[in-house]
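For the numbers below, each heavy atom of this structure counts, side chains included, while hydrogens, waters and symmetry mates do not. Numbered from 1 within each chain, the chains take letters A, B, ... in sequence-line order.
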Number of protein chains: 2
Amino acid sequence: MTEILREIGMIARALDSISNIEFKEQDLTKGQYLYLVRICENPGIIQEKLADMIKVDRTTAARAIQKLETNGLVEKRGDEHNRKIKKLFPTQQGLEVVPVIRRENDHSNRVALSGLSQEEADTVLHLLRKIRGNVEVDWEFVKKGGRREY
Amino acid sequence: MTEILREIGMIARALDSISNIEFKEQDLTKGQYLYLVRICENPGIIQEKLADMIKVDRTTAARAIQKLETNGLVEKRGDEHNRKIKKLFPTQQGLEVVPVIRRENDHSNRVALSGLSQEEADTVLHLLRKIRGNVEVDWEFVKKGGRREY
DNA sequence: TTCAATATGTTGCAAATGCAACAAAAATTA
DNA sequence: TAATTTTTGTTGCATTTGCAACATATTGAA
């Protein structure tokens, strides 16, 4: 039933596409909403961890964050105990944009789950978490150059 | 619980990333596997429908297919009753590559569902289909310039 | 039939994406 | 301590992605 993975791909592309179109009004370019909300939820996170969290290439995250900084939505701060890392924080302006993102995401969520009972929603969340846990192991392995045998 | 949509996004990006890395050996560049398998499953489909099926922009699909044709994996044929459309078919070489894609996708599927019972897999497929159905309505609406109110 | 609307396809940009390759700090091992 | 490995960050380059804008064929309405 590789059907499951196809459905996931379709849903993800459709939602991402919708979000990108809708966030243009907020002057957010492709994908930026992903990073911004997570930085707000995890202030002080570094970009390496953020990339892992989102499941995107390190360099892609680096540039998206760079752009968020340039646009004044995010701030990078050095750490006194570790001269290498740069902690990420939302700026005032970033904090102001986030509710708009949340509202959009909530709406998409409502649309996506319409017709599902609360129980079904709980079930699907539980199962998706499990699937994500399985998949992220392989993702990290393959990203680091590992070769899957099959 | 917008958590669900996040999980879906993470899973989709991770799997797509894995596939793209693994298919490099087959000289398939980013995303091409998506189109090729579906053309094999729906010979004669036109690119507009394929884009809808995959949930990707028309022009993105157009160029991916163009490249598949250039690389000799897919063939475009005109229709005698409709001079505008171009039906898509796999070439011999395309047909030879597809089993490799299937094997990889099957493996990813097994990995993703490991630890889930058959019943759970059935449940999640059922629920994801419903979610996809909900989401694609909005996708088509927004892609055509519609504005969602929320 | 004629004219407007829609469907399908293409091209031109500008931007995001991600692999390679590099640099330097930190952590681990010898 | 010194040497090696890992972590974190960056830049270069080629590619994909997608919105605008256009072109033409088909379909639908007046």
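The minimum heavy-atom distance between A:F23 and A:V100, with the atom names listed, is CE2-O, 4.2 Å.
Of the two residues contacting DNA chain C, namely A:Q32 and A:H81, the nearest-nucleotide position lying further toward the 5' end is that of A:Q32. Checking A:Q66 against B:A61, the closest nucleotide of DNA chain D that is more toward the 5' end is the one next to A:Q66.
B:N20 comes within 4.0 angstrom of no nucleic acid atom, judged by non-hydrogen atoms across all strands. Heavy atoms of A:K144 sit nowhere under 4.0 angstrom from any nucleic acid atom. A:T59 comes within 4.0 angstrom of a base, heavy atoms only. Using a 4.0 Å heavy-atom criterion, one finds that A:K87 contacts no nucleic acid atom at all.
Here the nucleotide nearest the side chain of B:T29, chosen from C:dA25, C:dG18, D:dT16, is D:dT16. Closest approach to the B:V56 side chain among D:dT8, D:dT10, D:dG18 is made by D:dG18 (side chain taken as heavy atoms from C-beta onward). For B:R58, taking side-chain heavy atoms from C-beta onward, the closest of the listed nucleotides C:dG18, C:dT8, D:dT8 is C:dT8. The side chain of B:I46 sits closest to C:dT8 out of C:dT10, D:dG18, C:dT8. Of the candidates C:dG9, C:dC19, C:dA26, the closest approach to any side-chain atom of A:K143 belongs to C:dC19. Closest contact between the side chain of A:N82 and the listed nucleotides C:dT8, D:dT26, C:dA26 involves C:dA26. For B:R63, taking side-chain heavy atoms from C-beta onward, the closest of the listed nucleotides D:dT15, D:dT10, C:dC13 is C:dC13. Each of C:dA26, D:dC19, C:dG9 was ranked by its minimum atom distance to the side chain of B:D57; first place goes to D:dC19. Ranking C:dC19, C:dT8, C:dT10 by closeness to the B:I85 side chain, first place goes to C:dT8.
In this structure, B:D57 contributes its side chain and B:T59 its backbone to a donor-acceptor pair below 3.5 Å.
Remark: B:R83 is not in phosphate contact with D:dT24, judged by side-chain N or O atoms under 4.0 Å from OP1 or OP2. Contact annotation: A:K49 does not reach the phosphate of D:dT7 (side-chain N/O to OP1 or OP2, under 4.0 Å). Checking the phosphate oxygens (OP1, OP2) of C:dG18, a side-chain nitrogen or oxygen of A:T60 falls inside 4.0 Å. In this model, the phosphate group of D:dT8 is not approached by any side-chain N or O of A:K86 to a distance below 4.0 Å at OP1 or OP2. Contact annotation: A:K24 side-chain N/O to D:dG18 OP1/OP2 distance is not under 4.0 Å. Dashed line: the shortest gap from a side-chain N or O of A:K76 to OP1 or OP2 of D:dG9 is not under 4.0 Å.
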Could you walk me through whether B:L34 and B:R38 pass side-chain contact (heavy atoms from CB on, under 4.5 Å), step by step?
CA-CA 7 Å; B:L34 290 174; B:R38 282 165 178 83; 3.8 Å; yes

Full working for side-chain hydrogen bond (donor to acceptor under 3.5 Å, both in side chains) between B:N105 and B:N109:
CA-CA 6 Å; B:N105 284 174; B:N109 194 62; over 6 Å; no

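Salt-bridge check for B:R77 with B:E75: passed, with a basic side-chain N closer than 4.0 Å to an acidic carboxylate O.
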